[in-house]
Amino acid sequence: MLTLYSDSHRLQHGRSELIDGTLKPCFETPSRADMVLAAVRERDLGDVIHPRRHGLAPILRVHDEGYVRFLETAWQRWTALGRDCDALPKMWQIRRLRETVPEQVEGQLCYYSMDCGTPITAGTWQAATAAADAALTGAERLIGGERAVFALTRPPGHHAASDYCGGYCFFNNAAIAAQALRDHGMRRVAVLDVDYHHGNGTQDIFYRRSDVLFLSIHGDPRTEYPFFLGHADEKGEDEGLGYNFNFPLAAGSCVSTWFFALDCALEQIARFGADALVVSLGVDTFRGDPISRFQLETPDFTTLGARLAGLKLPTLFCLEGGYAVGPIGDNVANVLCGFEA
Ligand code: SP5
Ligand code: ZN
């Protein structure tokens, strides 16, 4: 399987996130991608190639122009205020506050952020565009006839909606790729999100559409981040009604419960008649993950890959979460090798 990787991910290196009431070192670190790349090489998965640049047009198919321009200019405008620390928001446009885009960077940071865990740094723009390019190059390869491709995307993407960042995500790599697949001839695309956290951004982007099926297996938002989306009764709206499936599982759920939900999701994908599959591949479902509460063990990821291969669809994997840095490489490589076996 081909891997798409760019060193530019290193340019996203946030210092801290707000967690349990204190600023802690970011869980989403460059070392995550280094470990995944090392495992891909060690396991001889296949060629590792550099993504091709696609420019902003395919990103703007999914993201709001005001948001994209904000991300592009935020760091420069933030440092112009005399600051030399990462940019983090300090409030949110919550109920009954006006939905007006503020004029300056400080207010815009609040307007365009979902949480206080997603710092904008000097290299955020470059890293996020390179990740989108990896996903887009992957989509291009699928269109070209490749069976499966791994986009080693960092920063991740599935919490980012059309017009906000959050959950360590800036551009929704998987959604951008799914849209590119649609734009280049794939009639029906399924996006399956197996990250521990609900893919709120991806759900939101495709919620009113029937050409992109979205399914997510995740920690129940009644107790787990991102809390405000990912409930079982969210089934899509308008045209999209019946094309959104959430499988929220109680924190602490066992491996067999997780695989039962996976089987239900796979059945829906088969029934939908997808032409291509995009997998939002988070491995924070691992038992040892420091911020999540499922119980998958390293060999279970091989089983996951094998089950996905059973769909027999052109498949693009986009990396999402996974914060147990030591085992992240083996966990991701197991999915990819399990798929190819
Ligand atoms: C891509 C992705 O996986 N993003 C996840 C973002 C989660 N951010 C908030 C996590 C809060 C977890 N709280 C657990 C505290 C453990 N002491
Ligand atoms: Zn996650």
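Indexing begins at 1, ligand by ligand and atom by atom, following the structure's order.
- Salt bridge status for R271 with E267: absent, with no side-chain N to carboxylate O gap under 4.0 Å.
- Residue, atom and distance of the protein heavy atom nearest to atom 8 (N) of ligand 1 are Y168 OH, 3.5 Å.
- Of all the heavy atoms of H158, the ones lying under 4.0 Å from any atom of ligand 1 belong exclusively to the side chain.
- Closest heavy-atom approach to atom 4 (N) of ligand 1 among the candidates G321, G219, G167: G167.
- In summary, no N, O or S atom of E320 is located under 2.8 Å from the Zn ion (ligand 2).
- Checked against N173 for a side-chain contact (heavy atoms from CB on, under 4.5 Å), the options V278, L319, T153 give a single hit: T153.
- The Zn ion (ligand 2) lies at the vertex of an angle of 100° between the OD2 atom of D284 and the ND1 atom of H197 (rounded to 10°).
- Contact atoms of ligand 1 toward D284: 3 (O) (distance under 4.0 Å to a heavy atom of the residue).
- Side-chain atoms of E234 and N244 include no donor-acceptor pair closer than 3.5 Å.
- Summarising the geometry of V105 relative to R77, their closest heavy-atom pair is N-NH2, 3.6 Å, with the distance given to 0.1 Å.
- Smallest separation of non-hydrogen atoms from D115 and G167: OD2-N, 2.9 Å.
- Of the N and O atoms on the side chains of D284 and H197, at least one donor lies less than 3.5 Å from an acceptor on the other residue.
- If you number the atoms of ligand 1 from 1 as listed, the ones under 4.0 Å from a heavy atom of P156 come out as 1 (C).
- Considering backbone and side-chain atoms together, D115 places no N or O closer than 3.5 Å to any N or O of ligand 1.
- Side-chain polar atoms of S8 and Q126 form no donor-acceptor pair below 3.5 angstrom.
- Nearest protein heavy-atom contact of atom 2 (C) of ligand 1 is Y323 OH, 2.7 Å.
- Looking only at its N/O/S atoms, D195 has OD1 as the one nearest to the Zn ion (ligand 2).
- Ranking the protein heavy atoms by distance from atom 11 (C) of ligand 1 puts I19 CD1, 4.2 Å first.
- Summary of contacts: the protein heavy atom closest to atom 9 (C) of ligand 1 is Y225 CD1, 3.7 Å.
- Under 4.0 Å is where a charged nitrogen must lie from a carboxylate oxygen, and between E237 and R208 at least one such pair does.
- Of the protein's non-hydrogen atoms, I291 O, 3.9 Å is the one closest to atom 12 (C) of ligand 1.
- Between atom 13 (N) of ligand 1 and the options L18, D20, D195, the minimum heavy-atom separation is to D20.
- A salt bridge does not link E340 to R43: none of the charged nitrogens lies less than 4.0 Å from a carboxylate oxygen.
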